[in-house]
Amino acid sequence: MKQKFSYLYDFGDGWEHLLIIEKLVPKSPEAFYPMCLEGERNCPPEDCGSYPGYDHMITVRKNKKHREYNELIRDWLGEDYDPEYFNAQEMNVELSRMFPTRKS
């Protein structure tokens, strides 16, 4: 039974997320909670201007000759930002920092 719910992050920029719970599993004493099993894509940088600003940033990032590339990408975002990057293990490290009562 899949359950869906939405989450609004950053009221100023209005980032809306749709989360889908695909499966509930019994709690295990060996597992850490909360935990991320998988995901897709890197999170957008803070204060990038919501959807239009993020789309614009990705467009500029693809073209090093774009007139805004130096200011927007080199100086602000950083050329190493990869919008497709995601690592569940790194996410679980962050979750363990956010929820320190969790086993580590």
Side-chain angles (χ1 to χ4, degrees):
M1 169 174 93
K2 290 186 180 184
Q3 296 179 343
K4 298 178 183 181
F5 63 96
S6 61
Y7 170 70
L8 177 62
Y9 172 79
D10 192 338
F11 293 108
D13 281 345
W15 289 102
E16 296 176 28
H17 301 275
L18 176 64
L19 297 128
I20 301 170
I21 299 183
E22 296 184 353
K23 181 179 180 182
L24 296 174
V25 294
K27 189 170 183 178
S28 165
E30 293 84 33
F32 301 111
Y33 299 97
M35 77 177 355
C36 176
L37 301 176
E38 62 182 52
E40 294 179 9
R41 297 191 183 94
N42 205 340
C43 64
E46 291 289 329
D47 299 323
C48 67
S50 191
Y51 306 105
Y54 183 67
D55 287 343
H56 177 68
M57 181 192 71
I58 295 303
T59 299
V60 172
R61 184 182 169 276
K62 292 177 183 177
N63 179 4
K64 290 187 177 190
K65 294 181 181 182
H66 192 284
R67 64 182 176 82
E68 294 178 82
Y69 188 88
N70 285 339
E71 179 184 354
L72 189 59
I73 306 304
R74 282 197 183 133
D75 297 343
W76 182 72
L77 178 65
E79 292 182 294
D80 59 343
Y81 176 81
D82 179 1
E84 296 300 318
Y85 180 79
F86 182 83
N87 183 302
Q89 185 175 0
E90 288 176 10
M91 179 56 64
N92 285 322
V93 168
E94 289 299 317
L95 287 170
S96 71
R97 290 182 185 138
M98 294 169 62
F99 299 94
T101 58
R102 184 183 148 181
K103 291 181 185 178
S104 56

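Residue numbers start at 1 and run along the sequence shown. Please read these numbers as outputs of a predicted model, since none were measured by experiment. As a basis for the values below, the full set of heavy atoms in this structure was taken, side chains included, without hydrogen atoms, waters or symmetry mates.
- The side chain to side chain contact (heavy atoms under 4.5 Å, CB included) test applied to E46 returns Y9, D10, not counting sequence neighbours.
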(message) If you apply the rule side-chain contact (heavy atoms from CB on, under 4.5 Å), what do you find for I21 with F5, and how did you get there?
(response) CA-CA 8 Å; I21 299 183; F5 63 96; 3.7 Å; yes
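- At least one side-chain heavy atom of Y54 sits less than 4.5 Å from a side-chain heavy atom of P45.
- Between N63 and Y69, the closest side-chain pair of non-hydrogen atoms is not below 4.5 Å.
- Side-chain contact between I73 and H66: absent, with no pair of heavy atoms (C-beta onward) separated by less than 4.5 Å.
- Across all non-hydrogen atoms, the minimal contact from E68 to V60 is C-CG1, 3.9 Å.
- The side-chain heavy atoms of R61 and P83, taken from C-beta on, include a pair separated by under 4.5 Å.
- Between A88 and C36, the shortest heavy-atom distance links the atoms CB-O, 3.9 Å.
- The distance from the CD atom of E16 to the OG atom of S50 is 8.5 Å, given to the nearest 0.5 Å.
- Rounded to the nearest 0.5 angstrom, W76 CH2 and N70 CG are separated by 15.5 Å.
- Under the 4.5 Å side-chain criterion, counting only non-hydrogen atoms from C-beta, H56 is not in contact with Y51.
- Proximity of E84 to E40: side-chain heavy atoms (C-beta onward) are nowhere separated by under 4.5 Å.
- Here the side chains of L77 and L72 are not in contact, with every heavy-atom distance at 4.5 Å or above.
- Between F86 and N42 the shortest side-chain heavy-atom distance does not fall below 4.5 Å.
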